[in-house]
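Before any comments, here is the structure.
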Amino acid sequence: MAYLCAVVAAYLLGSIPVRTWVGNVRHGLIRTRAAAKELWILGLEMAKGALAASVGLLLAGWFGASLAAVAVVFGETFPLASAHGRGSGVATAAGALFVLSPLLIFIGAVIYFLSLLITRYHLLSTLCAVVGVLLIGLILSVHLYIWLVICCLAGFILLRLRNGRNRFFHRNPFRRRPFR
């Protein structure tokens, strides 16, 4: 019963459309430039994932936290209410994995920022970080359910990023662009 409560709570928490709510605020709490607003969204989505995994950990232990991590990312990518509020699940998965394995998130952040510095493409950097965390997680994890959680999270993220992949490959992705 604790597993079911953790999964349902995590899915409902993942279905909260943070990006839509913060993006539609005109004269509300966040009156900043777009870059600062994106940092707010990133922080709130990571907090959503970390909160879901923490609740799963408190209710049902490590296995409950793993199930809650998958459920919160599933709720982010396939929300209960609307399809226009769907997120990629990257920040939510990072927040959930921060509770499960902070070392993997640190390695994923290093891979992301290095590939972003080299390629200057967010989508390619995200793909590199997801694949890097997937491979390193399979090497470092000793429990089978952690492997399954990492594979599920990577699958949800890669499934969600497939639309951006088509836009990415229709341009010349390896053309050098100056920083602005």
Side-chain angles (χ1 to χ4, degrees), residues 1-26 28-32 34-109 112 122-123 126-127 129-130 133-134 137 141 143-164:
M1 188 64 165
Y3 295 123
L4 182 65
C5 290
V7 168
V8 169
Y11 178 78
L12 292 175
L13 188 62
S15 293
I16 296 173
V18 172
R19 181 170 297 280
T20 304
W21 287 356
V22 172
N24 289 337
V25 173
R26 282 183 85 136
L29 295 172
I30 303 172
R31 291 189 216 175
T32 59
K37 193 176 283 191
E38 288 294 319
L39 287 176
W40 271 97
I41 291 170
L42 177 73
L44 289 172
E45 285 184 355
M46 286 183 74
K48 183 168 64 170
L51 180 66
S54 298
V55 166
L57 182 64
L58 291 175
L59 289 177
W62 286 105
F63 189 68
S66 302
L67 290 175
V70 172
V72 73
V73 175
F74 188 76
E76 173 79 18
T77 54
F78 304 107
L80 187 64
S82 65
H84 73 278
R86 291 169 42 161
S88 66
V90 176
T92 307
L97 280 178
F98 184 75
V99 172
L100 297 174
S101 177
L103 178 64
L104 276 179
I105 294 307
F106 176 73
I107 292 170
Y112 174 79
H122 168 69
L123 179 70
T126 303
L127 289 174
V130 166
V133 166
L134 178 67
S141 297
H143 297 291
L144 178 65
Y145 67 89
I146 296 293
W147 289 357
L148 294 175
V149 167
I150 293 170
C151 289
C152 286
L153 294 179
F156 287 143
I157 292 169
L158 293 176
L159 178 71
R160 191 65 188 110
L161 292 177
R162 74 170 186 247
N163 295 333

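Computed from a predicted structure; not experimentally measured.
Applying the salt bridge (Lys or Arg N to Asp or Glu O under 4.0 Å) test to residues at least two apart or on different chains, none of the pairs has a partner in residues 61-71. Judged as a salt bridge (Lys or Arg N to Asp or Glu O under 4.0 Å), not a single pair has a partner in residues 89-99 (not counting sequence neighbours). Note on residues 46-59: pairs passing side chain to side chain donor-acceptor pair (under 3.5 Å), not counting sequence neighbours, are K48-E76. Residue pairs meeting the salt bridge (Lys or Arg N to Asp or Glu O under 4.0 Å) criterion with at least one member in residues 56-69: none, sequence neighbours excluded.
For F98, the CZ atom sits in a loose shell: 12 or fewer heavy atoms of surrounding residues, nucleotides or ligands are nearer than 6.0 Å.
Scanning both residues, P79 and S15, for their nearest heavy atoms gives CA-OG, 3.8 Å. Across all non-hydrogen atoms, the minimal contact from G56 to A68 is CA-CB, 4.0 Å. Shown here for L153 and V70, the closest heavy-atom pair between the two residues is CD2-CA, 4.0 Å. Between A69 and V149, the shortest heavy-atom distance links the atoms CB-CG1, 4.5 Å. The two residues A53 and V99 come nearest to each other via the heavy atoms CB-CB, 3.8 Å.
Scanning for ring pair (Phe, Tyr, Trp, His ring centres under 6.0 Å) contacts around Y3 gives F63, with sequence neighbours left out. Under the side-chain hydrogen bond (donor to acceptor under 3.5 Å, both in side chains) criterion, Y112 pairs with H122, not counting sequence neighbours. Every residue was checked against the side-chain contact (heavy atoms from CB on, under 4.5 Å) condition with A9, not counting sequence neighbours, and none meets it. Applying the side-chain contact (heavy atoms from CB on, under 4.5 Å) rule to V130 yields the partners T126, A154, I157, L158; only residues at least two apart in sequence or on another chain are considered. Residues forming a side-chain contact (heavy atoms from CB on, under 4.5 Å) with A6 (at least two apart in sequence, or on another chain): L59. Listed by chain and number, the residues in a side-chain contact (heavy atoms from CB on, under 4.5 Å) with A91 are L42, E45, M46 (sequence neighbours excluded).
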For this session: Kindly indicate, with the supporting measurements, whether the criterion side chain to side chain contact (heavy atoms under 4.5 Å, CB included) is fulfilled by L104 and I150.
Result: CA-CA 10 Å; L104 276 179; I150 293 170; 3.7 Å; yes
For this session: Go through the steps for L57 and W62 under the test side chain to side chain contact (heavy atoms under 4.5 Å, CB included), then give the verdict.
Result: CA-CA 5 Å; L57 182 64; W62 286 105; 3.7 Å; yes
Problem set entry | Stepwise side chain to side chain contact (heavy atoms under 4.5 Å, CB included) check, T77 with L159 | CA-CA 9 Å; T77 54; L159 178 71; over 6 Å; no
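With rounding to the nearest 0.5 angstrom, the CG atom of L44 is 11.5 Å from the CG atom of L51. We find the SG-CZ distance between C151 and F156 to be 11.5 Å, quoted to the nearest 0.5 Å. To the nearest 0.5 Å, the span separating OG1 on T92 from CG on L13 amounts to 8.5 Å. The CG atom of L67 sits 15.5 Å away from atom OH of Y11, with the distance rounded to the nearest 0.5 Å.
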